[in-house]
Asker: 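Here it is, the structure in full.
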Amino acid sequence: MSGLKVLSVASEIFPLVKTGGLADVAGALPGALKREGILVRTLVPAYPAVKAKLAEVSTIGEYSDLFGGPARVLAGAAAGLDLFALDAPHLYDRPGNPYLRPDGLDWTDNARRFAALARVGADIGLGAIGPFRPEVVHAHDWQAALAPAYLHFASALRPATVITIHNLAFQGHFPLSTFWELGLPERALTIDGVEYFGGVGYLKAGLRLADGITTVSPTYAREITTPEFGMALDGLLRSRASTLHGILNGIDDVVWNPAADPAVPQNYSALRIDMRARNKTALQNKLGLTPSPDRPLFAVVSRLSHQKGLDLMLSAMPQFVAKGGQFGLLGSGERTLEEGFADAAANRADSIGCVFGYDERLAHLFQAGADFVVVPSRFEPCGLTQLCALRYGATPIVSRVGGLADTVIDANEAATAAGVATGVQFSPTSVEALSSAFDRAFELFHNKESMRRVRLNGMRADVSWRGPARRYAALYRSLAGAAR
Ligand code: ADP
């Protein structure tokens, strides 16, 4: 089957609106799938940041009352993406973060805002709006997760549905009263529909009712079927294990290309890996650290949240700083973590430097200049930071969970002897295990030949979207081909 059409439904998309990895995936997959003969259009809310960039706009559908106000569906292009933008000013005409008010709390009408997105996704899926009639509707995370539910309960012939879990921690769980606004039939309010612990569960509904479920790494796909990682949905996920697929994320290898990266002072490739040294000096200077080629420079580029395990990093840091290591942080998030890192930097300004904030450009210098990039997550669906690190020859040190386990090959004896190691893994996610990972990293760093080999292996690993896109294409084709 060629020319398969897919509607992707997402609440954020890079480079227009991004709070996390979901935006990267929604932004990158359409381009990668085009090469597989799959035509993707993406439905996103017309936030101000989307509307400002949308070109060649036409109105393809209108609602007189969509969850409390009029709405239009716009078709257009932005940043090389074919988009449908849901222009519902009463829901989306708000600046800043797509989910949070300026005071950091959730918008109180998020249940309505993202039911509307899913509803319109389902309507496009049914061919009710405009000429684009997809064979597959692909919903991302809880914000789009009602789309498979609307389609499941629609009477018309419907497209196949896929839901992707980017992070099971966010589930869209709302009070029961929400149900009566959704416009779903009463029979949807059961444990086999949208009902969830006495309320309405958007992600739960999608996981129950979509034809296919994916998440962003094979290990995370297994982990979420266990009580430890399943966040109360493990039972449901176990019951759907035969349709649960782990497909790794990739990174955009044009945006992340050390040989032609405008954001770093010195471009380099695997053949000229020694040229990285200049970037290390630049990063040390940027962080106010003593510039030294002989001290291993560890870096973190991350949201500062409990998930990311950075409290462990704070505990392990004094030990490796005492051994001569340096540390740089680029991140923002929880105040207590920011304070912890700021205090550590104030005490050891020669060895610890922090930049608080979100800075896409600076992230490139971190990857190009650090010796090691540390990702000590408690759970990690896929993780993109370690993929960027591999491509940039910064050796990842990662906890052995989720996508971190699937994308980094630990420099143990067997992998080292076989010449395939790309980084250092540790388990469990504890201060002790992280500290011994740092010990191993020091050893590696001081063994120049092994270090070089591990760096080169990382740079040669395929972290592009090509492999993942093939797997999504195969899944879409198998689901679209099935009778329903
Ligand atoms: P998550 O989506 O859970 O935050 P991922 O690793 O999947 O984590 O994706 C986050 C992406 O955002 C990565 O590419 C990471 O490098 C980047 N990132 C995180 N924090 C920052 C920051 N403060 N500045 C720049 N880039 C960041």
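Counting starts at 1 for both ligands and their atoms, following the listed order. Residue numbers count from 1 along this sequence.
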Asker: Assess the pair F379 and F229: is the distance between their ring centroids shorter than 6.0 Å?
Answerer: no
Asker: Just need the protein heavy atom nearest to atom 11 (C) of ligand 1, so name the residue and atom and give the distance.
Answerer: K18 NZ, 4.0 Å
Asker: Do any nitrogen or oxygen atoms of R303 lie less than 3.5 angstrom from nitrogen or oxygen atoms of ligand 1?
Answerer: yes
Asker: What protein heavy atom sits nearest atom 6 (O) of ligand 1, and how far away is it?
Answerer: L384 N, 2.9 Å
Asker: Which residue holds the protein heavy atom closest to atom 22 (C) of ligand 1, what is that atom called, and what is the gap in Å?
Answerer: Y358 CD1, 3.4 Å
Asker: Would you mind running through ligand 1 and noting each atom that sits below 4.0 Å from a heavy atom of G357?
Answerer: 22 (C), 23 (N)
Asker: Would you call the rings of Y99 and W142 parallel, tilted or perpendicular if under 30° counts as parallel and over 60° as perpendicular?
Answerer: tilted
Asker: Report the nearest protein non-hydrogen atom to atom 20 (N) of ligand 1: residue, atom name, distance rounded to 0.1 Å.
Answerer: S302 C, 3.4 Å
Asker: What residue and atom, counting heavy atoms only, is the protein's closest point to atom 10 (C) of ligand 1, and at what distance?
Answerer: G21 N, 4.5 Å
Asker: Is the Y202-F174 ring centre distance short of 6.0 angstrom?
Answerer: yes
Asker: Among all protein heavy atoms, pick out the one at the shortest distance from atom 8 (O) of ligand 1; state its residue, atom name and that distance to 0.1 Å.
Answerer: K308 NZ, 3.1 Å
Asker: Give me the atom names and distance for the closest heavy-atom approach of A139 to P148.
Answerer: CB-CD, 4.0 Å
Asker: Between H364 and W256, how do the two ring planes meet: parallel, tilted or perpendicular, split at 30° and 60°?
Answerer: parallel
Asker: Within 45 degrees of the ring normal and closer than 6.0 Å to the centroid, is that where the cationic atom of R94 sits relative to Y47?
Answerer: no
Asker: If I apply the N/O under 3.5 Å rule, does D359 come out as touching ligand 1?
Answerer: yes
Asker: Start with the C-alpha distance between F372 and F298, add both sets of side-chain angles, then the distance that settles ring-ring contact (aromatic ring centres under 6.0 Å, His included), and finish with yes or no.
Answerer: CA-CA 5 Å; F372 297 95; F298 300 87; 5.1 Å; yes
Asker: Find all atoms of ligand 1 within a distance of less than 4.0 Å from any non-hydrogen atom belonging to G331, and give their numbers and elements.
Answerer: 23 (N)
Asker: Please check atom 25 (C) of ligand 1 for a protein heavy-atom neighbour under 4.0 Å.
Answerer: yes
Asker: Starting from atom 15 (C) of ligand 1, which protein heavy atom do you reach first, and at what distance in Å?
Answerer: T385 OG1, 3.6 Å
Asker: Find out whether P134 and V136 are in side-chain contact, i.e. whether some heavy atom of one side chain is under 4.5 Å from a heavy atom of the other.
Answerer: no
